[in-house]
Amino acid sequence: MSPALDRAIANYASSYGTQPTLVVRAPGRVNIIGEHTDYNDGFVLPMALPFEVVVAAAPRVDGKVFASSEGFEPVEFMVADPVDQGRWSTYVHGTGAMLIEAGYSVAGWQGCLASDIPAGANLSSSAALEIASGLIFVTSANGSIEPSALARVGQRVENDVIGFPSGIMDQLACAASVDGAASLIDCRALSASPVPLPGGVDIIVMDTGTRRKLLDTQYAARRTDCETAAASLGVTALRDATLDQIANLGDDRIYRRARHVIGENTRTLEAAAAMRSNNAVELGRLMNESHASLRDDFDVSGPALDRIVALAQQINGCLGARMTGGGFAGAAVALVQSNSSEAFVAELTKSFVAPDEQPAVAPTMLYTVRPAAGASVITNPNR
Ligand code: GLA
């Protein structure tokens, strides 16, 4: 049982005086490699985290939703009503609205949410909220939904309700991951295949404690740069372009954006091959290259991420490190030999402080994680 699962069930029991009849969970993710490639129809290689959003609930027949979440104002709404903007529940209600728009039957419910995913750390706490909400709405109506369809609905929430032009990686990682493996995802085909980690290594999530400010506007700007590059080359998406083709892109900034995406797609496929042949050293090398390309060509790293990655890369037993997710702040990820990982955590804890120009607003946290299962309905929550 995750801590969030315990709390959500306990909160339900104390709010409603009965046990929940429907419980769902949806994990956050860390992306091992394949950054800013998803909205270019490319490849990504994320894994689900052992931190999750849980909703403990019971279906209602009157179409109403009563939802509470630790530390937030409880909300009440009709699924079919217009979605209120700017609240924590916008993600929840927005998911119901996007499900209806996509033709799914949804029902109301009463429930308590709990989350163990650090918010704003680029570990996909909002995608997990969307996927958990989607499962509750659909299951309350006795229906079911395919993981890739649910991921699309989650992306619609980001794009059409919240107004953030995200790709689909986070929602797919959350909905479609399998226990014990990362997933190589083709973001054009929306297909995911499990790729186990090489033996003898740990994945360590390094949350700098800094939080993103620039992400929304800069993210949209990067997306536009990529679309500009694809349009000048006459291709559907940068997935279809080659390094030879981009040599003629006149604008240096657009050229560097395209060079990152093309290189990152190649690195991601190479990383999956390295993992499959148990070559952790090669995987680490590709992660280091990915960070340099995100920092220098795509321009989405930041002072705290650069600092923690540089420190990590110098520690004994670290095979590779890079920023993860959208960038600018939040978390990075390292690949460390298992027999060095305790010492790695101790040394990095001692040496990292966020830079003065980008102070931390949350504690710096290091988590050694193994790949968790994608979102699921917990059939027997009250064992
Ligand atoms: C955010 C977005 C994803 C993806 C990453 C960068 O997490 O939500 O769709 O684009 O940034 O790889």
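Positions are given from 1 along the sequence. We count ligands from 1, going down the list as the structure has it; atoms in each ligand are counted the same way.
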> Would you call E347 and K350 a salt bridge, taking side-chain N to carboxylate O under 4.0 Å as the test?
Replying inline: no
> Listed by chain and number, what are the side-chain contact (heavy atoms from CB on, under 4.5 Å) partners of A373, not counting sequence neighbours?
Replying inline: R25, D179
> Do S301 and D306 meet the criterion of a side-chain donor-acceptor pair at a distance under 3.5 Å?
Replying inline: yes
>> Under the salt bridge (charged side-chain N to carboxylate O under 4.0 Å, His left out) definition, can you give me all pairs with a residue in residues 110-125, not counting sequence neighbours?
In response: R7-D116
>> Show me which atoms of ligand 1 lie under 4.0 Å from any heavy atom of R29.
In response: 7 (O)
> Counting each atom of ligand 1 from 1 as listed, which ones have a heavy atom of M169 under 4.0 Å away?
Replying inline: 4 (C), 5 (C), 12 (O)
> Just which atoms of ligand 1 are under 4.0 Å from any heavy atom in Y39?
Replying inline: 10 (O)
>> Within ligand 1, which atoms have a heavy atom of G167 less than 4.0 Å away?
In response: 9 (O)
> Quick one: does R222 get a heavy atom under 4.0 Å from ligand 1?
Replying inline: no
> Would you say the side-chain atoms of S338 pair up with the backbone N or O of V201, donor to acceptor, closer than 3.5 Å?
Replying inline: yes
>> For atom 1 (C) of ligand 1, tell me which residue out of V44, D170, N31 has the closest non-hydrogen atom.
In response: D170
> Could you go step by step and tell me if R267 and S293 meet the side chain to side chain donor-acceptor pair (under 3.5 Å) rule?
Replying inline: CA-CA 11 Å; R267 280 188 289 276; S293 174; 3.2 Å; yes
> Going by the order shown, which atoms of ligand 1 are within less than 4.0 Å of some heavy atom of D38?
Replying inline: 3 (C), 4 (C), 9 (O), 10 (O)
